[in-house]
Amino acid sequence: MLLIFATLLASCSNTRPRYDEVRAEGIEALREVESLIPGVTTARPRPEFKPFGCGPDPLSGAGSDSAFYTGYWEVEVSNELDVPGFIAELPDKLGDGWTTEDLGIAVPFAQVHLVKESPRLSLTVEERERNGKKGIDLLVMSRCGVVTPTPVGLSRSDAPFTHSPRTNSPTTPASPAPISAAGLRFPFTSNE
């Protein structure tokens, strides 16, 4: 009986994705969207920060062994690209498995919030302009993944979840980040 219980317990723990897996899923989604943008001149992943925990308090990560990945890329495009038109057509270009979600926040620029059904993640695509250059911002938030402890002998900077490509601070002004003074909800704080 004890052997059956231990086997069931082990199989349950193996069904939760690891943080490095959900991070890879997020980066793949960013690459997928970036590959659909015509006239890309530069795509820049932004610096990556410590993952946000999925525990009872997502801001501190307290009470959880899992975290979600947040990746932020800035994509510069040619001046000829109709950015609002591209963003409006993006859900159709991505096809099945993606849905749009209305965040209920009016913004003065083109924006679409997408949800991928499998693997579960959210992706916000926004029109932007920096230093007179047209661009598109991409912000992805993954489902939760189990963060493996830092192996003995490695510093935190050597831990698996801090290796490049480094992307995102979810606190940038242009991103609908999980941190919100207005009380916005966290889109995925559990494994869905």
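Just so we're clear, the structure is a prediction, and the values are computed from it rather than from any experiment.
- No side-chain donor-acceptor contact under 3.5 Å links N131 to the backbone of K133.
- A salt bridge links R143 to E25: one of the charged nitrogens lies within less than 4.0 Å of a carboxylate oxygen.
- No donor-acceptor pair under 3.5 Å is formed between the side chain of S142 and the backbone N or O of L121.
- Taken from CZ in R120 to NZ in K116, the straight-line distance is 12.0 Å, to the nearest 0.5 Å.
- In terms of the side chain to side chain contact (heavy atoms under 4.5 Å, CB included) criterion, E129 has no residue partners (sequence neighbours excluded).
- Contact of the L30 side chain with the L123 side chain is registered, since non-hydrogen atoms from C-beta on lie closer than 4.5 Å.
- Considering all non-hydrogen atoms of both residues, Y69 and I27 come closest at OH-CG1, 3.6 Å.
- Under the rule for a side chain to side chain contact (heavy atoms under 4.5 Å, CB included), the partners of E34 that lie at least two apart in sequence or sit in another chain are V40, A43, W73, V75, L138.
- Screening D137, V112, I37, V140 for a side-chain contact (heavy atoms from CB on, under 4.5 Å) with V125, the sole residue that qualifies is V112.
- Once rounded to the nearest 0.5 Å, the distance linking NE2 of H113 with CD1 of I105 reads 9.5 Å.
- Taking P108 as the reference, nothing meets the side chain to side chain contact (heavy atoms under 4.5 Å, CB included) condition, with sequence neighbours excluded.
- When the salt bridge (Lys or Arg N to Asp or Glu O under 4.0 Å) test is applied to E74, the partners found at least two apart in sequence or on another chain are R44, R46, R130.
- For S35, the side chain to side chain contact (heavy atoms under 4.5 Å, CB included) criterion is met by no residue, not counting sequence neighbours.
- Expressed to the nearest 0.5 Å, how far OG1 of T70 lies from CZ of R23 amounts to 11.5 Å.
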Counting only pairs under 3.5 Å, give me each side-chain donor-acceptor contact of residues 77-98, with atom names and distances, residues two or more places apart or in other chains.
unit_1, atom_1, unit_2, atom_2, d
D82, OD1, G85, N, 3.1

E127 vs I136, test: side-chain contact (heavy atoms from CB on, under 4.5 Å). Steps then yes/no.
CA-CA 5 Å; E127 174 184 29; I136 297 173; 6.0 Å; no
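- Annotation: the span from F68 atom CZ to S122 atom OG amounts to 9.0 Å, rounded to 0.5 Å.
- In this structure the side chain of R16 never reaches within 4.5 angstrom of the side chain of E21, judged on heavy atoms.
- The two atoms that bring A67 and V147 nearest to each other are CB-CG2, 3.6 Å, heavy atoms only.
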